[in-house]
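Along the sequence shown, residues carry numbers from 1. Both ligands and their constituent atoms are indexed starting at 1 by order of listing.
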Amino acid sequence: MRRMTKEEKLKWVNTGPAWMYEFDLGEGVKTPLLIEELRSVHQTREQMILPIIDKFFPKGLSGKCCLDVACNEGYFSHLLYKHGANVRGTDIREVNIQRARAVQALLGYDPARLVFEVEDFFNNRDQADTYDLTLFLGLLYHIENPMSALRLLHKITRTLCVIETQLTRQTAPIISGWGQTGVTLELPASMALYQEPDMDENNLAAFNSLSFIPNVAAVRQLLVSAGFTEITQLSPPPAANLQYLCGDRGIFLALKPENPT
Ligand SMILES: C[S@@+](CC[C@H](N)C(=O)[O-])C[C@H]1O[C@@H](n2cnc3c(N)ncnc32)[C@H](O)[C@@H]1O
């Protein structure tokens, strides 16, 4: 394929919509970010996630299979690729995957080790334990069946899954009636319903569904119910993006310790 000129690259990256990630495409051309705050969101995620990958895979990811679920334009797939992994990035939106493929081609990343495909995660048919590492970043709160997504994620993950999600601020238990007058339950885990208003024009949004935003207790309970046995919430570093520091977003590790790295 003919290399794009600088002018062609500039025209392409600035043909809307703006981007989820800032890719440096050389010759001074960078993809314009949709929201400036995304820069520190991604920096915080990288700072929190990369040391974990080094800890769990001390020999690197060479020869390991990784899945980046809902990869959007593929930035986190690139990070895994640069760590040596064989990576599959998937997203439900064709436009995101087209961009991911075009950026990959411009950066010259080996298609034998990095593949981007359009896939609704609920249609994933991978075999059990296919991926040594799965990334499930920014999707849990954009789907109407989070439990079934996490069961699927548990099935296809061999060792470690990293889940990143928006969180509600609900810390007090929800009180619910239960079958008899005067009998109530105190339920610490809860989810808030959100009908996203911008699914047609926002390529970061839910695709066609109601969204369920969990609180911290719900994330833990969903992951345990899906079959993960060790769940850890990562602490944000002091200079993290404020959403992580105030608990509006969180990063969780979910392990299948029966499968060593
Ligand atoms: C907030 S973005 C997160 C992107 C990336 N994972 C990250 O966190 O940097 C949510 C992404 O989920 C994708 N998405 C929504 N529903 C999906 C589904 N059912 N299966 C796969 N991807 C989906 C959207 O197209 C969008 O790219």
The answer for which part of Ile92 has a heavy atom under 4.0 Å from ligand 1 is both
Is a donor from one side chain sitting under 3.5 angstrom from an acceptor on the other, for His154 and Arg151? no
Contact between ligand 1 and Glu73 is defined here as a heavy atom of the residue under 4.0 Å from a ligand atom; is it met? no
Are any of the heavy atoms in Glu119 under 4.0 Å away from ligand 1? yes
So is there a nitrogen or oxygen of Leu137 less than 3.5 Å from a nitrogen or oxygen in ligand 1? yes
Do the rings of Tyr21 and His42 sit parallel, tilted or perpendicular, given the 30° and 60° boundaries? tilted
Salt bridge present between Glu119 and Arg88 (N-O < 4.0 angstrom): yes
Asp129 bridged to Lys155 by N-O distance under 4.0 Å: no
For Asn96, atoms of ligand 1 separated by under 4.0 Å from a heavy atom: 25 (O), 27 (O)
Of all the atoms in ligand 1, which lie at a distance below 4.0 Å from a heavy atom belonging to Gly138? 1 (C), 2 (S), 3 (C), 8 (O), 10 (C)
Within the 6.0 Å centroid threshold, strictly below: His142 and Phe207: no
Any heavy atom of Ser209 sitting closer than 4.0 Å to ligand 1? no
Among all protein heavy atoms in this structure, tell me which lies nearest to atom 12 (O) of ligand 1, with the distance rounded to 0.1 Å. Ala70 CB, 3.3 Å
For atom 24 (C) of ligand 1, what's the nearest protein heavy-atom neighbour? Residue, atom name and distance, please. Arg93 NH1, 3.3 Å
A student checking ligand 1 against Asn72 at a 4.0 Å heavy-atom cut-off should list atoms 4 (C), 26 (C), 27 (O)
Looking at Tyr141, which atoms of ligand 1 are within less than 4.0 Å of one of its heavy atoms? 1 (C)
So for Asn203 against ligand 1, with non-hydrogen atoms under 4.0 Å, the contacting part is backbone
Under 4.5 Å between side-chain heavy atoms, counting indirect links through other Ile/Leu/Val/Met/Phe/Trp/Tyr residues: same cluster for Tyr75 and Leu61 or not? yes
Which residue and atom name correspond to the protein heavy atom nearest atom 2 (S) of ligand 1, and how close is it? Leu204 O, 3.4 Å
Between Gln243 and Val41, is any pair of side-chain heavy atoms under 4.5 Å apart? yes
Side-chain (Tyr81) to main-chain (Asp110) donor-acceptor, under 3.5 angstrom: yes
Number the atoms of ligand 1 from 1 as they appear, then name those within less than 4.0 Å of a heavy atom of Leu139, with their elements. 12 (O), 14 (N), 15 (C), 16 (N), 17 (C), 23 (C)
For His142, take its heavy atoms, then give the atoms of ligand 1 lying under 4.0 Å from any of them. 1 (C), 10 (C)
Residue, atom and distance of the protein heavy atom nearest atom 25 (O) of ligand 1 read Asp91 OD1, 2.7 Å
Between Asn124, Asn123, Asp120, Val118, flag the one that comes closest to atom 18 (C) of ligand 1 by a heavy atom. Asp120
Between Phe136 and Phe121, is the ring centroid distance below 6.0 Å? yes
Is the shortest side-chain heavy-atom distance between Trp19 and Val103 below 4.5 Å? yes
Filtering Tyr75, Tyr21, Phe207, Phe76 for the heavy atom nearest atom 9 (O) of ligand 1 leaves Tyr21
Would you kindly check if the NZ (Lys) or CZ (Arg) of Arg220 is within the cone defined by 45 degrees around the ring axis of Phe252 and under 6.0 Å from the six-membered ring centre? no
shortest atom 20 (N) of ligand 1-to-protein heavy-atom contact is with Phe121 N, 2.9 Å
I need the atoms of ligand 1 closer than 4.0 Å to a non-hydrogen atom of Met20, numbered in the order shown. 3 (C), 4 (C), 7 (C), 9 (O)
Using a 4.0 Å cut-off to any heavy atom of Ala205, which atoms of ligand 1 qualify? 15 (C), 24 (C)
How far is atom 8 (O) of ligand 1 from the closest protein heavy atom, and which atom is that? Arg45 NH2, 2.5 Å
Angle class for the His78/Tyr109 ring planes (parallel below 30°, perpendicular above 60°, tilted otherwise)? perpendicular
Exactly one of Glu196, Gln166, Glu144, Gln195 clears side chain to side chain donor-acceptor pair (under 3.5 Å) with Ser211, and that residue is Glu196
